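Since the structure comes first, as structure tokens, the remarks are kept for the end.
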Amino acid sequence: MAIRFQRTTRLIRGQFDLAPFMCVTFALLFFMLFGGYLVLPKGTILTLPSGGSPLKPWALGGYFVIAIDAHDRIYFENQIVEPAVLRQRLAARVASVGSVPGRVYLQADRGVRLEKLVEIEELAKSIGVKEVVLGAIGPAK
């Protein structure tokens, strides 16, 4: 003898309720669209001056990148360094390159004083760097 259970739930009773579906959809859409802005990557924001011809990221082969933010913090190899430590680390990197002359790509925020840029340039040239290029975001419009 087979026992039959009566089914008491009905999957669709009347009109489809759209509110829960839309709540989940809007939450997913929000996180998909703005997920990259909610968690920022490590680093600092540089507001580069306009003008000049910027080096493309793929053309930076052979350049050592030094960045200076608006608070005069110096970044080398994605780390904050002091000028004395920068001298040591840059000298080691230039020596490791060998016969190829070292070149520096200097990215400085708009708020950085000219004296700071000249100081970094003189530091690089005293080590043996042959070329210092100041970074920019593109031609002035």
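Owing to the predicted nature of the structure, the values given are computational and were not obtained by experimental measurement. What you see below is based on every heavy atom in this structure, not just the backbone, and it leaves out hydrogens, waters and symmetry mates. Along the sequence shown, residues are numbered consecutively beginning with 1.
Evaluation of the side chain to side chain donor-acceptor pair (under 3.5 Å) rule for Glu77 yields Arg89, Arg93 as partners, not counting sequence neighbours. Evaluation of the side-chain contact (heavy atoms from CB on, under 4.5 Å) rule for Arg87 yields Leu123, Ser126, Ile127 as partners, not counting sequence neighbours. By the side-chain contact (heavy atoms from CB on, under 4.5 Å) test, Met22 is found to be paired with Leu18, Phe26, residues two or more places apart in sequence or in another chain being considered. Residues meeting the side chain to side chain donor-acceptor pair (under 3.5 Å) test with Arg113, sequence neighbours left out: Asp72. Shown here are the side-chain contact (heavy atoms from CB on, under 4.5 Å) partners of Val24, two or more places apart in sequence or in another chain: Leu28.
Residue Phe34 is not grouped with residue Met32 when hydrophobic side chains (ILVMFWY) are merged at heavy-atom distances under 4.5 angstrom, including chains of intermediate members.
Listed by first then second residue, pairs satisfying salt bridge (Lys or Arg N to Asp or Glu O under 4.0 Å) with a partner in residues 29-38 number zero, not counting sequence neighbours.
Looking at heavy atoms from C-beta onward, Val94 lies in side-chain contact with Val129 at the 4.5 angstrom threshold. With contacts defined as side-chain heavy-atom distances shorter than 4.5 Å, the pair Leu86/Glu82 does not qualify.
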Run Val133 and Tyr63 through side-chain contact (heavy atoms from CB on, under 4.5 Å) and show every step you take. CA-CA 9 Å; Val133 178; Tyr63 279 89; 3.7 Å; yes

Checking side-chain contact (heavy atoms from CB on, under 4.5 Å) for the pair Lys116/Ile74: CA distance, chi angles, key distance, verdict? CA-CA 10 Å; Lys116 189 71 172 178; Ile74 302 170; 4.1 Å; yes

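Rounding to the nearest 0.5 Å gives a distance of 9.5 Å between CD of Glu121 and CG of Leu114. Taken from OH in Tyr75 to CD1 in Ile68, the straight-line distance is 11.0 Å, to the nearest 0.5 Å. Interatomic distance, Phe64 CZ to Leu90 CG, rounded to the nearest 0.5 Å: 6.5 Å.
More than 12 heavy atoms of other residues, nucleotides or ligands lie within 6.0 Å of CD in Glu115, so this atom counts as buried by the packing criterion.
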